[in-house]
Amino acid sequence: MIAARRHALAAALLLGCASTEGVPDVPELDASVKGKDASPAEDRGAPIDLPQAVDVPPVRDVPTAIDVPPAVDRPSPLDVPPVRDVPIAIDVPPAVDRPSPVDVPPVRDVPPSVDVLPPPLPYPTRSLYRIKGLQPDFWPSYDEVSGNNVGGVAMNLVWYQWEGSRSAPPCASGAHAFEGHCFTVEPNVDNAIREWTRRGLVVTAVVYGTPAWARTTRSCTPAAPGFEGFCAPDDPVDYARFARFIAARYDGRRGHGRIADFVIQNEVNSNDWFDVGCGGSAGPCDTTRWISTYAALYNAAYDAIVAEQPSAKVLISLEHHFGTAFDRPSAASPLLSGETFLRGFAARVGSRAWRVAYHPYPPNLLRPEFSADDDPQVTYGSLGVLPGWLRQNFPSTPSAWEIQLTESGVNSVAPNSSPSAQATGVCESLRNVLGTPGVESYIYHRMSDHPVELADGLGLGLRNPDGSPKPAWAVWALSNRSDLTPPMLSCGFEDLPYTRLRRSYSAARGHWASSRNPPPGFRVEQSWRLWREPHPGAVMLYECRVGQHDLLSREAGCEGLRPLGPVGYIETGAGPGRAPLYRCRVGEGTDHFISPDARCEGQVMEQLLGYAFSG
């Protein structure tokens with residue numbers, strides 16, 4: 001099944017299909033290769049009662065708000081306590097210091113005047129209410145996407161479709177000369193970038209796909225026929241030239257629109273998707289050579305891109321096997337953990353402002369469940385591990401704390417999932433994203449189901465192949481409508497500009513304090529609010545693992561414990577509407593919890609963490 005899917009996918013790429021968005025970024029389903037359980041479905045209980053999907057009007061005329069439960073009693077994965085009892089989150093009272101829901105869109109594309117270009121543009125800004133984005137699959141209605149308060153889109157720019165052969169000017173009709181090379185620009189791609197920019201969306205480009213002429217000296221090991229394009233290029237200079245062409249053409253100053261985020265290759269810790277010529281008959285991968293090959297490519301591309309756009313963000317792409325337990329350089333399909341790859345990568349990129357583009361799919365792509373217990377996989381459920389680990393390991397590299405989720409989604413197809421389970425998963429993924437400071441963009445993959453993915457039982461789209469909406473479409477479209485009066489907010493958007501810090505309890509495991517959903521089997525007892533963004537007079541709190549429970553700390557290093565992620569900024573001084581928050585210990589550390597009681601409810605008070613907003 002997996003081989004057939006790979007072959008069909010590669011064939012679509014080789015045909016040079018005009019719609020390059022989304023096609024090659026299909027995650028692997030093979031459990032033996034990537035550790036994602038593809039076992040048959042088991043009885044997970046009745047699905048939650050979510051509303052019928054609706055077509056959401058793209059402008060102000062929006063139907064009555066759909067009641068999406070802000071927290072869901074989801075079944076647990078295997079070997080985890082089976083009960084998850086999370087009550088509905090407490091409504092947040094209107095706050096005087098809540099920012100206006102009216103967003104300031106990115107700087108619009110400015111056509112050049114005669115021969116003089118304006119100065120390079122600053123990085124486009126968007127409010128937290130527009131953190132959600134989409135891989136739109138060239139959806140025919142721009143209004144239906146941008147009209148639902150979407151902050152950005154991701155597009156795949158496949159190098160071999162722009163420079164399939166190496167040729168010098170004079171260029172053929174439809175091609176453009178740049179640094180002595182000819183590049184072909186697909187009109188539909190060009191028009192889409194221009195139109196998304198005009199509508200105020202931030203465009204992210206995933207830049208990959210090595211042409212045959214640029215991979216003649218490296219002996220690669222394609223995962224399947226047609227995967228030759230994932231071979232690492234022979235010379236980073238050739239790839240960097242293409243990246244610079246893209247950065248120059250789409251710099252927002254020449255009338256073509258703007259790309260502000262550049263993802264360098266795709267899931268580079270997997271040899272299937274960034275092929276350095278190892279695995280299988282070629283033998284084990286050399287970890288040093290693998291990481292060095294990518295770092296050289298990244299450095300050349302980074303320098304080329306920022307030469308054209310000094311404010312652009314240039315990102316490394318990783319799939320969700322993050323902990324070092326997943327280092328498998330000798331596997332048939334070699335894999336390096338995110339931790340191993342990032343350590344080696346960071347040591348090779350000098351002072352460049354690198355950032356991470358991450359794919360936090362559920363642990364089993366065919367199933368909709370995810371949990372805080374997914375670590376060492378970093379999924380929607382264990383999302384905080386990534387920013388926590390980055391802050392712990394790179395305290396002097398603040399750019400590394402900025403994370404973009406550039407590809408991920410939730411399955412809707414039986415027998416492993418259902419449309420209602422997908423809708424629940426989408427809502428809870430948004431809740432965890434909003435509860436994780438440092439995540440600045442969440443691109444959902446994808447607008448509509450892809451037939452190749454459907455053949456393998458994977459339906460990630462918000463819409464069916466015939467265009468009809470699934471329940472997840474209504475959840476996704478209506479969750480962040482801060483642009484309406486009154487606003488329609490759910491799935492965590494109702495808490496902004498705060499995170500919702502919850503104290504939960506499980507008789508089997510003790511207490512849990514997090515701005516993300518607790519593991520299965522925990523019941524929420526109390527909640528407070530923290531700032532999601534930096535705020536004067538406030539400091540970050542971090543969640544850290546202690547055995548089967550957690551504790552909160554002001555230390556980014558988590559006091560030497562496994563980091564589970566930032567939870568928000570807590571005020572350092574008392575004030576109206578604020579409650580003191582203490583870290584308390586049971587006995588010698590068998591349990592920790594947070595409390596507004598200085599006497600720690602009869603237990604041991606370890607420290608005052610700060611002052612959180614009540615309610």
Side-chain angles (χ1 to χ4, degrees), residues 106 120-128 131 151-152 202 204 260-264 295 298-299 301-303 305-307 309-318 322 338-339 341-358 360 378 383-406 433-443 496-499 515-516 530-544 552-572 610:
L121 301 177
Y123 187 79
T125 59
R126 51 183 161 177
S127 79
L128 291 173
I131 196 172
V202 179
T204 298
D261 300 320
F262 296 79
V263 181
I264 305 305
Y298 177 93
N299 290 345
Y302 180 101
D303 294 346
I305 291 166
V306 299
Q309 294 193 45
S311 67
K313 296 186 178 183
V314 186
L315 303 98
I316 172 177
S317 171
L318 299 174
F322 192 70
E339 289 187 19
F341 208 99
L342 285 175
R343 284 194 180 99
F345 167 77
R348 291 166 169 80
V349 297
S351 60
R352 294 174 180 86
W354 59 273
R355 295 169 170 88
V356 175
Y358 200 77
V378 173
L383 182 60
V385 171
L386 176 59
W389 186 89
L390 289 169
R391 284 174 177 264
Q392 184 185 65
N393 287 271
F394 303 103
S396 301
T397 311
S399 63
W401 311 341
E402 299 175 17
I403 298 164
Q404 297 190 25
L405 309 180
T406 52
V433 165
L434 293 165
T436 306
V439 177
E440 60 181 30
S441 172
Y442 170 17
I443 301 290
L496 292 178
Y498 308 103
T499 63
S515 53
R516 294 163 287 276
L530 307 177
W531 297 109
R532 192 183 191 274
E533 298 291 291
H535 196 271
V539 297
M540 182 70 86
L541 283 185
Y542 299 90
E543 179 186 356
C544 316
L552 296 185
S553 175
R554 283 193 181 188
E555 295 183 20
C558 254
E559 303 173 31
L561 300 169
R562 175 68 169 173
L564 298 182
V567 297
Y569 293 86
I570 192 167
E571 296 281 352
T572 56

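- Contacts of T204 classified as side-chain contact (heavy atoms from CB on, under 4.5 Å), with partners at least two apart in sequence or in another chain: A154, D261, V263, Q404, T406.
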Mind running side-chain contact (heavy atoms from CB on, under 4.5 Å) on R516 and T499 for me, showing each step along the way? CA-CA 9 Å; R516 294 163 287 276; T499 63; over 6 Å; no
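- F322 contributes atom CZ, which lies 6.0 Å from atom OH of Y358 (distance to the nearest 0.5 angstrom).
- No side-chain donor from either of R532 and S515 sits under 3.5 Å from a side-chain acceptor of the other.
- Distance check, rounded to the nearest 0.5 Å: OH of Y442 to CG of L405 gives 7.5 Å.
- Residues meeting the side-chain contact (heavy atoms from CB on, under 4.5 Å) test with P566, sequence neighbours left out: P387, R391, P437, M540, Y542.
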Assess whether side-chain contact (heavy atoms from CB on, under 4.5 Å) is satisfied between I316 and F341, documenting all intermediate values. CA-CA 10 Å; I316 172 177; F341 208 99; 3.9 Å; yes
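- In this structure, the side chains of Y302 and V349 stay at 4.5 Å or more apart for every pair of heavy atoms.
- The two residues A260 and V202 make their nearest non-hydrogen contact at CB-CG1, 4.1 Å.
- Residues passing the side-chain contact (heavy atoms from CB on, under 4.5 Å) test with A312 are F262, I305, Q309, sequence neighbours excluded.
- Classification of K313 and E440 as a salt-bridged pair holds, one side-chain N sitting under 4.0 Å from a carboxylate O.
- Contact of the L318 side chain with the L342 side chain is registered, since non-hydrogen atoms from C-beta on lie closer than 4.5 Å.
- Here the side chain of R126 pairs a donor or acceptor atom with the backbone of G151 at under 3.5 angstrom.
- To the nearest 0.5 Å, the span separating CG on L386 from CG on L564 amounts to 12.5 Å.
- Taking the centre of each ring, F345 and W354 come in below the 6.0 Å mark.
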Kindly determine whether V539 and I570 satisfy side-chain contact (heavy atoms from CB on, under 4.5 Å), including the steps that lead there. CA-CA 5 Å; V539 297; I570 192 167; 4.0 Å; yes
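- N299 places a side-chain N or O within 3.5 Å of a backbone atom of R348 that can act as its donor or acceptor partner.
- Taking CD of E543 as the start and OG1 of T436 as the end, the distance is 9.0 Å to the nearest 0.5 Å.
- Side-chain contact check for E555 versus L561: every heavy-atom pair is 4.5 Å or farther apart.
- Heavy-atom minimum distance, F394 versus W389: CE1-CZ3, 3.6 Å.
- Side-chain atoms of R343 do not come within 3.5 Å of backbone N or O of N393 as any donor-acceptor pair.
- Rounding to the nearest 0.5 angstrom, the gap separating the OG atom in S553 from the CG atom in L541 is 8.0 Å.
- Residues R355 and A353 approach most closely at NH1-O, 3.2 Å, considering heavy atoms.
- Of the possible donor and acceptor atoms, none in the side chain of W531 sits under 3.5 Å from a partner among the backbone N and O of P536.
- In this structure, P497 and E533 have side chains that are not in contact, with every pair of non-hydrogen atoms separated by 4.5 Å or more.
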